[in-house]
Number of protein chains: 2
Amino acid sequence: MEVNRSDTATRILEVSELLFVEHGFEATSLRMITQQAEVNLAAVNYHFGSKDALFESVFMRRFTPLISACLAELDALEAKGAGDSIERVVMTFIRPCLALSRDPARGGALFVRLLSRALVENHRLLREALSREYSEFVERYTQAFRRALPELGEQDLSWRMHFAFGLMFNAFAGNDVLKIFRKSPVVTARDPEAIVQHLVPFVLAGLTMPASD
Amino acid sequence: MEVNRSDTATRILEVSELLFVEHGFEATSLRMITQQAEVNLAAVNYHFGSKDALFESVFMRRFTPLISACLAELDALEAKGAGDSIERVVMTFIRPCLALSRDPARGGALFVRLLSRALVENHRLLREALSREYSEFVERYTQAFRRALPELGEQDLSWRMHFAFGLMFNAFAGNDVLKIFRKSPVVTARDPEAIVQHLVPFVLAGLTMPASD
DNA sequence: GTCTATACGGAGATAGAC
DNA sequence: GTCTATCTCCGTATAGAC
């Protein structure tokens with residue numbers, strides 16, 4: 001039965017989630033995982049096929065419900081006829097990300113960083129898995145943006161979505177290209193609430209500026 | 001003499017730059033590099049200390065002149081008394097990035113991607129090297145932004161710089177979090193000129209919106 | 001079906017001869 | 001400076017025990 005997975009596979013999943021979040025993908029070895037999970041080295045390849053596929057499983061376990069939550073918020077927004085507010089559309093994405101980042105049982109803020117980094121860094125195996133299953137996400141948000149920003153041409157719309165989601169994913173990833181230069185970072189780039197408070201207006205300013213084409 | 005480096009070290013540098021750009025850091029092995037450069041495997045560790053340190057050398061060889069070019073443009077801008085235009089300040093950063101991306105002798109667009117990805121992905125050794133040598137870059141641009149956006153408080157200023165540089169570096173890195181979902185990307189996220197044409201207005205909109213604090 | 005022990009090839013690093 | 005030989009650790013594959 002698919003549901004009653006052996007404890008071995010579950011233990012591997014949970015231990016490796018913690019280790020991937022803490023040390024990153026490359027720096028986490030299968031020997032670290034299997035030792036801490038108290039299972040045999042070969043168990044990972046038996047249950048998941050490869051280290052890459054293990055990461056994909058770890059990733060999908062959190063990503064699927066996150067995407068569903070965003071689309072559910074989008075459904076709710078459109079159901080109550082508020083789908084023409086771009087701010088509210090943006091918040092249907094932001095809010096589930098924030099909720100996930102506050103949930104310690106699901107790894108909290110650290111896991112959101114893993115998610116975002118995996119997207120930004122473009123893991124090989126992840127690409128295929130995502131384009132297979134999550135094209136709906138992009139299509140739904142493209143529709144939603146088009147409806148909330150009807151004065152934009154298709155080119156403008158695509159570019160602005162590109163920048164907006166890039167900015168949001170990177171913000172949640174905790175990437176701070178300036179902090180690596182600075183001795184004492186002024187911006188607490190890892191505090192999700194503070195990020196959102198400044199991020200949303202910035203993104204909205206770019207989205208709502210006059211059309212260029 | 002520092003200038004007359006042995007041909008061995010130089011060959012390693014040039015071959016590894018090409019391979020890092022083409023295959024990425026992890027996927028490029030020392031054995032690939034040394035074979036193609038026709039030097040012994042141990043030569044890398046003798047001349048550079050480690051694979052990480054080799055990457056740092058490859059990186060710095062291009063990054064240092066890029067940063068200098070930006071600061072030179074900033075100097076020129078302020079010398080002619082145009083330092084209060086935020087658009088022009090932003091362009092002092094964009095223009096050298098574009099120039100580098102057009103220069104095939106220095107790796108062209110692919111190398112700009114490597115640079116940006118290294119920043120975004122936050123290589124361990126890179127962090128230390130950068131914070132040691134390039135704090136001037138951040139300090140100069142912080143001053144320049146403060147002068148061009150005098151109505152902003154320090155908090156607003158830091159956040160907006162954080163978002164603006166994050167957006168610009170990611171754009172040049174060619175990261176496209178949406179494209180991995182899409183079958184056919186509408187946005188040609190890798191074409192530097194097209195990026196800039198849409199990127200600059202988006203960034204400026206966020207930078208110049210009314211202050212929040 | 002599950003799990004264990006073990007082996008293999010490739011990686012980065014290094015000691016020591018020349 | 002250079003090169004050979006060798007070390008440890010990695011992900012992976014498989015044969016065979018339960």
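Convention: sequence-line order gives letters A, B, ...; per-chain numbering from 1. All values below come from the heavy atoms of this structure, side chains included, with hydrogens, waters and symmetry mates left out.
- The nearest whole Å value for the distance from the CD1 atom in A/Ile12 to the P atom in C/dT2 is 12 Å.
- Checking C/dG1, D/dC3, D/dT2 against every side-chain atom of B/Tyr46, the shortest atom distance belongs to D/dT2.
- Among the protein residues, A/Thr34 comes within range of no part of the nucleic acid, since none of its heavy atoms lies under 4.0 Å from any strand.
- Contact between A/Leu126 and A/Ala118 at its shortest, heavy atoms only, is CD2-CB, 3.6 Å.
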Worksheet entry | Full working for salt bridge (Lys or Arg N to Asp or Glu O under 4.0 Å) between B/Glu56 and B/Lys51 | CA-CA 9 Å; B/Glu56 191 181 318; B/Lys51 190 187 175 187; over 6 Å; no
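- Which of D/dT2, D/dG11, C/dA13 sits closest to the side chain of B/His47 comes down to D/dT2.
- Residue A/Leu30 contributes atom CG, which lies 6 Å from atom P of D/dT12 at whole-angstrom precision.
- At whole-Å resolution of the value, CG in A/Leu54 and P in D/dC10 are 15 Å apart.
- The distance between atom CZ of B/Phe48 and atom C1' of C/dT14, rounded to the nearest whole Å, is 18 Å.
- Residue A/Leu41 has its side chain nearest to C/dT6 when only C/dC3, D/dT2, C/dT6 are considered.
- Straight-line distance from the CZ atom of A/Arg11 to the C1' atom of C/dT2: 13 Å, rounded to whole Å.
- Whole-Å rounding puts the B/Lys51 NZ to C/dT14 P distance at 15 Å.
- Electrostatic pairing of B/Arg88 and B/Glu73 does not count as a salt bridge here, judged by no charged N lying under 4.0 Å from a carboxylate O.
- Looking at the side chain of B/Asn40, the nearest of the listed nucleotides D/dG11, D/dT4, C/dA11 is D/dT4.
- The distance between the ring centers of B/Phe169 and B/Phe93 falls below 6.0 angstrom.
- With rounding to the nearest 0.5 angstrom, the NE2 atom of A/His162 is 6.5 Å from the CD1 atom of B/Ile195.
- Taking every side-chain heavy atom of B/Ala42 into account, D/dT4 is the closest of C/dG12, C/dA5, D/dT4.
- Taking every side-chain heavy atom of B/Ser50 into account, C/dA13 is the closest of D/dT4, C/dC3, C/dA13.
- Of the side-chain N and O atoms in B/Asn45, none sit less than 4.0 angstrom from OP1 or OP2 of C/dG12.
- In this structure, B/Glu26 places its CD atom 11 Å from C1' of C/dA11, rounding to the nearest Å.
- Rounding to whole angstrom units, CD1 of residue B/Ile33 and C1' of C/dG10 are separated by 15 Å.
- Judged by atom type and distance alone, A/Arg31 reaches the base of D/dG11 through a side-chain donor-acceptor pair under 3.5 Å.
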